[in-house]
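These notes are about the structure you will find just below.
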Amino acid sequence: MTTTDDKNTRHFSSLVVDGMERAPSRAMLHAVGFKNEDFKKPQIGIASTWSMVTPCNMHINRLADDAARGVNNADGKAVIFNTITISDGISMGTEGMKYSLVSREVIADSIETVVGCQGFDGIVAIGGCDKNMPGCLIAISRLNRPSVFVYGGTILSGCHNNKKLDVVSVFEAVGARANNKIDDAELAAIEEKAIPGAGSCGGMYTANTMASAIEALGMSLPNSSAQTAISDDKRLDCERAGAAVLELLKKDIKPRDIMTKAAFENAITVVIALGGSTNAVLHLLAMANATYVDLTLDDFTRIGERVPMLADLKPSGQYSMAELVEIGGIQPLMKELLNVGLLHGDCLTVTGKTLAENLADVKPYLEGQDIIRPLNNPIKKDSHLSILYGNLATEGAVAKITGKEGLVFTGKAKVFEAEEQALKSILDGSIVKGDVIVIRYEGPKGGPGMREMLTPTSAVMGKGLGKEVALITDGRFSGGTHGFVVGHITPEAHVGGALAIVQDGDQITIDAETKQLTLHVDEQEIARRFEKWQQPAPRYTRGVLAKYAKLVSSASKGAVTDNLD
């Protein structure tokens, strides 16, 4: 029989291991390495997303060990467990990509399930690929136990002919090969050299965007977003996270104390300043939903009107996340944003201090760097993330327009019922200047799963059509996408959104200045087309995709599956 030293830090584990009647539980834990003294310590679950499925997560088992050491050295008892991960980059452009966004929900559910069942008092969650991160935060929010998120870290750049490469380089090289700009040997060389080892995709793509957002949110330690995957800094970050959870337990600081509306506004501000991925909109909405914070698409517009885009980072810019790490990461940027009143400095963080306190001693970037522009010389004076409405998107759509593509595009629709059909037409030359590529029935319910469209958008760029065609979809985009693109169109085609009745040759306007997405067809004609429209039969009737399609909300609500009111 054991006794407890301090049940105030053992709210949950004490119910599992204390008392004579819990002897069977203790017996099983002895078998996995518990000593008698461990039953008196807070139990901290280390949620590892390790997998050899993808380079983004292949090193996280070692990071989980580092986090466990931090917990154990701080007089807690760490217990490592795993959840799944999938690879967007590998499955992109295939039917398998439909499982990508679904995995966010599976990850959240699995972490909640293990922590809830085992009675862990706190959590360190380590994520490396972009669905891991919001999945971890959704679970942390639901459980509301002292927690710290750790980012697995960014990959280093590949190199070919003295040119830096990343995964998007390969996707764009496919388009270049289709356009006979490069030969098979050049494509093979780029393929082999683009991804040199462990870590998440190297630009300000979704993984690095979400890591930065979570740091700004206050749920990871300062600089966790800006460390390379294989580095002493990243291993120390994990150790410190393990110790930090014990401090949060002592101070009774829980995730919902940190993840307030103001904290989400800080996250949005940093995403905009960095030129981050459109997926941040979807994931922040979902995380806010789990935290009972009222966040909407219009909050992105409101904040975007006053926050400039400052980072010259890939995909639209020239630098990688590893190069941002070299100049100090996002902390100096956040200090500058705080100094001009664009961040809420009084927000609590996992350090137990406020954001302003964390940033107090941060030094500015050194003179001469041009990765992060000064506030008086932005890349774009307001947000690159435009929330569009109009008769094609009565509930909203998300455009990623940096200004380099222009701000307004009008063209004629070429309509495709699936991503693969569109890709074939892009590669065979059927798509020409002035076209608006329409890819529908790829939404959360219609896909199901809301596939990312990196393959067709990269093919467009590789074909040299980046400024000459647009692409709109009820699917979504990889953080590596750039060009004149609009995704997350809601209502999606499958539930009777106007995207369902667009026809070849219809004129469509995307206007980032007026924030409108317009189908130039009169209301009477739209009504006539809807009279003939029938909802397609579900593509899946069993399994996880069928369950997801039945439960999932609109993309305008974050495409969540747990809002069952």
Go through the side-chain N and O atoms of [X] and [Y] and say whether any donor and acceptor fall under 3.5 Å apart.
| X | Y | value |
| --- | --- | --- |
| Thr209 | Ser277 | no |
| Ser212 | Glu215 | no |
| Thr354 | Asp346 | no |
| Thr561 | Glu105 | yes |
| Asn563 | Ser553 | no |

Full working for salt bridge (Lys or Arg N to Asp or Glu O under 4.0 Å) between Asp257 and Lys254: CA-CA 5 Å; Asp257 299 324; Lys254 300 183 182 72; 5.4 Å; no

Residue pair Asn132, Asn57: steps toward the side-chain hydrogen bond (donor to acceptor under 3.5 Å, both in side chains) verdict: CA-CA 9 Å; Asn132 303 156; Asn57 293 63; 2.7 Å; yes

Lys41/Asp38 ion pair, N-O < 4.0 Å: yes

Check ion pair Asp109-Arg142 (N to O, under 4.0 angstrom): yes

Phe120-His11 aromatic ring centre distance below 6.0 Å: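 For Phe120 and His11, the ring centres are not under 6.0 Å apart.
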
Close side-chain approach of [X] and [Y], heavy atoms under 4.5 Å:
| X | Y | result |
| --- | --- | --- |
| Leu282 | Leu101 | yes |
| Glu452 | Asn279 | yes |
| Val17 | Arg10 | yes |
| Ile155 | Pro196 | yes |
| Met453 | Arg476 | no |
| Arg104 | Ile138 | yes |

Side-chain donor-acceptor distances from residues 74-83 under 3.5 Å, at least two apart:
unit_1, atom_1, unit_2, atom_2, d
Asn82, ND2, Ser48, O, 3.3
Asn82, ND2, Trp50, O, 3.3
Thr83, OG1, Ser110, OG, 2.5

Heavy atoms of other groups near Lys261 NZ, more than 12 under 6.0 Å: yes

Exceeds 12 heavy-atom contacts within 6.0 angstrom, atom NZ of Lys557: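 Check fails, neighbour count at 12 or below.
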
Less than 3.5 Å apart, which donor and acceptor atoms pair up between the side chains of residues 236-246 and the rest of the protein, not counting sequence neighbours?
unit_1, atom_1, unit_2, atom_2, d
Asp237, OD2, Ser224, OG, 2.7
Asp237, OD2, Lys234, NZ, 2.9

Audit row: Thr296, Arg302, side-chain hydrogen bond (donor to acceptor under 3.5 Å, both in side chains) steps and yes/no: CA-CA 10 Å; Thr296 70; Arg302 173 176 56 84; over 6 Å; no

Taking [X] for its side chain and [Y] for its backbone only, find out whether a donor-acceptor pair lies under 3.5 Å.
| X | Y | answer |
| --- | --- | --- |
| Asn266 | Leu217 | no |
| Lys400 | Thr481 | yes |
| His494 | Gly447 | no |
| Asn144 | Arg256 | yes |

Closest heavy-atom pair and its distance - Ile140, Pro255: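 Taking Ile140 first and Pro255 second, the nearest heavy atoms are CG2-CG, 3.4 Å.
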
Pi-cation contact, Phe12 with Arg145 (under 6.0 Å, within 45°):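 Pair Arg145/Phe12 counts as cation-pi.
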
Partner of Thr154 under side chain to side chain contact (heavy atoms under 4.5 Å, CB included), chosen from Thr228, Asp166, Leu324: Thr228

